Amino acid sequence: MKRIAVFPGSFDPFTIGHESIVCRSLDLFDEIIVAVGKNSTKGSMFSLEKRIAWIQEIFKDVPKVSVDSYEGLTVEYCRKVEAGFILRGLRTSADFNYERPIAQMNKTMLYSVESIFMMTLPELSAISSTVIRDIVRNGGDASPFVPEAVKF
Ligand code: ADP
């Protein structure tokens with residue numbers, strides 16, 4: 001059976017931290033779907049179309065990686081695309097505390113899906129989309145923190 005992983009997130013915008021998680025996971029899975037969630041509670045700074053286009057451009061030469069968007073529960077999306085894994089990155093204990101109940105509830109809702117956590121590289125652990133949005137909003141240069149394809 002194909003090992004399909006969903007890497008869900010807002011990716012508002014996609015950062016070199018996200019890129020690193022995907023690249024380091026390539027050997028673990030046959031297919032990685034970067035799934036941009038249409039989050040009802042979080043307003044986004046960048047349009048869904050833009051976020052998807054950026055990610056497509058970043059991975060255009062990596063056939064294992066595709067990009068999609070979804071609405072609703074991540075486990076339902078996993079069921080739809082027949083994914084066996086949910087991939088998430090962990091930067092801090094705060095990330096862990098946030099992710100733990102979600103992963104456990106997801107497991108209860110859909111037993112066939114395993115959540116896989118990858119520890120961020122130390123040099124990337126301070127990078128977050130939130131801080132990047134703040135830099136952009138205030139006219140700073142966020143380019144060191146995002147892949148080249150991401151242009152503000
Ligand atoms: P969400 O809105 O679901 O938290 P994000 O777009 O902020 O989505 O993040 C998607 C995933 O990428 C999450 O698992 C998050 O922990 C992880 N992530 C974010 N920034 C980094 C980073 N710098 N290094 C590793 N993982 C990261």
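Both counts, for ligands and for their atoms, begin at 1 and track the order of listing. Computed from a predicted model, the values in this text were never measured in an experiment. Because only heavy atoms are used, hydrogens play no part in the values below, and waters and symmetry mates are left out as well, while side chains stay in.
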Minimum non-hydrogen distance to atom 24 (N) of ligand 1, winning option of Thr120, Thr74, Ile132, Thr130: Thr120
Take atom [atom1] of [X] as the centre, draw a 6.0 Å sphere, and report whether it contains more than 12 heavy atoms from other residues, nucleotides or ligands.
X: Asn97; atom1: CG; answer: yes
X: Glu148; atom1: CD; answer: no
X: Met105; atom1: CE; answer: no

Show which atoms of ligand 1 fall inside a sub-4.0 Å distance from at least one heavy-atom site of [X].
X: Ile21; result: 25 (C), 26 (N)
X: Ser10; result: 1 (P), 2 (O), 5 (P), 6 (O), 8 (O)
X: Phe7; result: 11 (C), 12 (O)
X: Arg88; result: 1 (P), 3 (O), 4 (O), 10 (C), 11 (C), 13 (C), 14 (O)
X: Phe11; result: 6 (O), 10 (C)
X: Pro8; result: 10 (C)
X: Asp95; result: 16 (O)

Atom pair CG (Leu110) and CG (Asn106), whose distance is rounded to the nearest 0.5 Å: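 If we round to the nearest 0.5 Å, Leu110:CG and Asn106:CG are 8.0 Å apart.
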Interatomic spacing from OG in Ser112 to CZ in Arg79 - rounded to 0.5 Å: 7.0 Å
Backbone of Asp30 reached by a side-chain donor or acceptor of Lys2 within 3.5 Å: no
Backbone N/O of Phe46 and side chain of Asp12: donor-acceptor pair under 3.5 Å: yes
Structural part of Arg91 in contact with ligand 1, heavy atom criterion under 4.0 angstrom: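 Near ligand 1, Arg91 shows its side chain, while the N, CA, C and O stay back.
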Ligand 1 versus Ser125: contacting region, heavy-atom distance under 4.0 Å: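 None of Ser125 does.
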Under 3.5 Å: N/O of Leu90 near N/O of ligand 1: no
Ligand 1 N/O within reach of Ile127 N/O, cut-off under 3.5 Å: yes
Nearest atoms (heavy-atom pairs only) where Trp54 meets Ala149: CD1-O, 3.2 Å
